[in-house]
Amino acid sequence: MFFRISARTLFTRIVGVIIASGFVGYLFGQTFLAISMVSLSLLAWHYNHLFKLIKWLWQGKSIAPPQANGIWGRIYDGLYRRIRKQRLKQKQLNERIRKFRDGAEALPDAALVLSTELIILWGNKKASKFLGVRWPDDIGLRIDNLIRFPEFSKYLDDGDYHSPCLIISPINNELQLELRLMAYGSDQILLLARDISKIQRLEEMRRDFVANVSHELKTPLTVVRGYVEMVQASETALDPHWKKAFTTIETQVSRMDRLVEQLLVLSRVENNVDADNHQQVNLSHLVLTILEEVQWLNQDKNHSINHDIAPNMSINGNEHELKSACLNLISNAIAYTPTNGIIDIILRNDSNKIRFSVKDNGPGIKPEHVNRLTERFFRVDKSRSRNTGGSGLGLAIVKHVLNHHHGELSIESEWHQGSEFIIYFSPEVA
Ligand code: ADP
């Protein structure tokens, strides 16, 4: 139902009333009095409705406006229509908010809505269970006043929310939480906290299992190797069949030994067993030592190994782990480059970072394999890798070492042309 009134209609009506009242007054010889009386009555009628409207707006309990005829009836109807529309919208909005809240409560994660100033605006029940956020008492508090862990403060200061932040729950130290922050709407942040205690425990069990099995395998391997060497060194000439068999056993035992050794290194690096991660390590010195040590590896292949090592490049970290990472890249270059290859090893400053690169003119790696190289046991060509004694763990070790040292690994490679493995270190961090 629509009602429209134009200024012209209104004007015509007023003029009509004035003319009509003037005409009636004229008949009785009181034109001015009649016009005045009618105008005053009109004014009184309007004021009466204005009072009714104000009373209804400010004191009325019912949503239905007062009853009236004429223009005021139209005004009240219009207002009533608007109120009903508004109430419907409000109802729909409430329904949506209720659905959102039900959804947020059904989440297995704690969810908090924060303002861009990190002030808590809303949270689900899990937020109080995981993070101790009390509803509604803690609304308006900054989240870093409730979660007071240095790693969380650093995470917020850095402002890089692409990766999660791992913390222990502030109210239950058996709960390990993974916090993720993401933009929510135009001016809010959604914080999700997931309980990863089970995953962490399984991960711990996996690491312990690998470490224990590798450790347990060491002794039998040493015994087998000892006996094989004893037989090979014995004065009694062996039947050619047995000689071949023992050579094969020796080769395979050596492979297994290397694999177990690498598994142990990987689990040590993963478990961060070497607690001293803040040594001042002179990388220049470290790389030169490695270059001396790998000379014997290069005896068969006779590569030209060129190096350009800037002096006194130092970082804070764990010398043992850093040596393992650099050695892996150099020994891979030696192992995978065919005889008489060229290997360039460079250590230098590169715009506020220390850049260590190992470049070879070996077989290169196809682009689709490059991203998978740091996965455990990933080998591009299993048979070639097996011939070189590779286990597929070397680059996984490098990745873990770099995680500890805030380093980055970049791999550039062209199939059939060669590869370059580059590590970037920030000199001030460990
Ligand atoms: P592995 O012990 O097998 O060498 P890594 O993790 O060190 O294991 O390397 C993973 C795979 O990456 C290797 O099996 C090999 O296929 C490839 N790779 C590593 N370095 C090079 C290189 N310099 N040139 C070509 N391929 C390489």
Side-chain angles (χ1 to χ4, degrees), residues 207 210 214 217 221 251-270 287 290-291 293-298 300-308 320-347 355-405 407-424:
R207 285 201 297 259
V210 173
S214 319
L217 278 173
L221 276 174
T251 318
Q252 295 305 322
V253 168
S254 301
R255 261 196 72 208
M256 233 172 134
D257 211 22
R258 262 198 307 277
L259 177 62
V260 167
E261 197 52 56
Q262 288 226 300
L263 272 174
L264 279 171
V265 174
L266 182 60
S267 60
R268 241 198 333 265
V269 177
E270 269 190 325
V287 175
I290 296 173
L291 284 172
E293 285 174 16
V294 294
Q295 285 314 319
W296 69 269
L297 269 183
N298 192 27
D300 295 341
K301 295 205 149 177
N302 202 25
H303 299 308
S304 309
I305 302 183
N306 312 311
H307 60 84
D308 177 6
H320 205 71
E321 289 189 3
L322 289 167
K323 185 171 178 184
S324 180
C326 298
L327 178 64
N328 262 307
L329 296 190
I330 298 175
S331 50
N332 272 355
I334 295 174
Y336 293 107
T337 306
T339 329
N340 298 322
I342 300 170
I343 297 173
D344 294 317
I345 297 164
I346 300 174
L347 179 73
R355 183 184 192 275
F356 170 68
S357 65
V358 180
K359 187 174 178 183
D360 63 55
N361 65 344
I365 302 153
K366 285 185 184 161
E368 65 265 31
H369 292 139
V370 169
N371 286 339
R372 300 198 55 199
L373 292 183
T374 54
E375 287 174 20
R376 284 185 205 108
F377 297 109
F378 181 82
R379 285 167 297 175
V380 175
D381 178 343
K382 295 213 167 36
S383 58
R384 193 177 65 193
S385 187
R386 199 172 295 130
N387 292 339
T388 61
S391 59
L393 292 174
L395 292 176
I397 294 174
V398 174
K399 186 180 94 177
H400 278 285
V401 170
L402 295 189
N403 279 349
H404 289 173
H405 293 83
E408 285 163 45
L409 176 68
S410 156
I411 304 170
E412 287 167 17
S413 187
E414 250 181 84
W415 183 227
H416 291 316
Q417 299 293 317
S419 317
E420 186 171 15
F421 288 74
I422 310 159
I423 296 180
Y424 291 98

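Remember, it's 1-based here, ligands and their atoms both numbered in the order they're listed. None of these values were measured; they are calculated from a predicted model. Numbering of residues begins at 1 and proceeds along the displayed sequence.
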Check whether any N or O atom of [X], backbone or side chain, sits under 3.5 Å from an N or O atom of ligand 1, and answer yes or no.
X: Ile365; answer: no
X: Gln262; answer: no
X: Arg379; answer: no
X: Leu395; answer: yes
X: Asn332; answer: yes

Under a 4.0 Å threshold between the charged nitrogen and the carboxylate oxygen, would [Y] count as salt-bridged to [X]?
X: Glu270; Y: Lys399; value: no
X: Glu261; Y: Arg258; value: no
X: Lys323; Y: Glu293; value: yes
X: Arg355; Y: Glu420; value: yes

Counting only heavy atoms, which portion of [X] has something under 4.0 Å from ligand 1: side chain, backbone, both, or neither?
X: Ser419; result: side chain
X: Asp360; result: side chain
X: Leu393; result: backbone
X: Phe378; result: backbone

Against heavy atoms of Gly392, which atoms of ligand 1 measure under 4.0 Å?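 Under 4.0 Å from Gly392, ligand 1 has these atoms: 1 (P), 2 (O), 3 (O), 6 (O), 8 (O).
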Mark up the atoms of ligand 1 that fall under 4.0 Å of a heavy atom belonging to Val380, in ascending order.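 Heavy-atom distances to Val380 below 4.0 Å select 14 (O), 16 (O).
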Is Leu373 in contact with ligand 1, taking contact as a heavy-atom separation below 4.0 Å?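 Within the 4.0 Å threshold, so yes.
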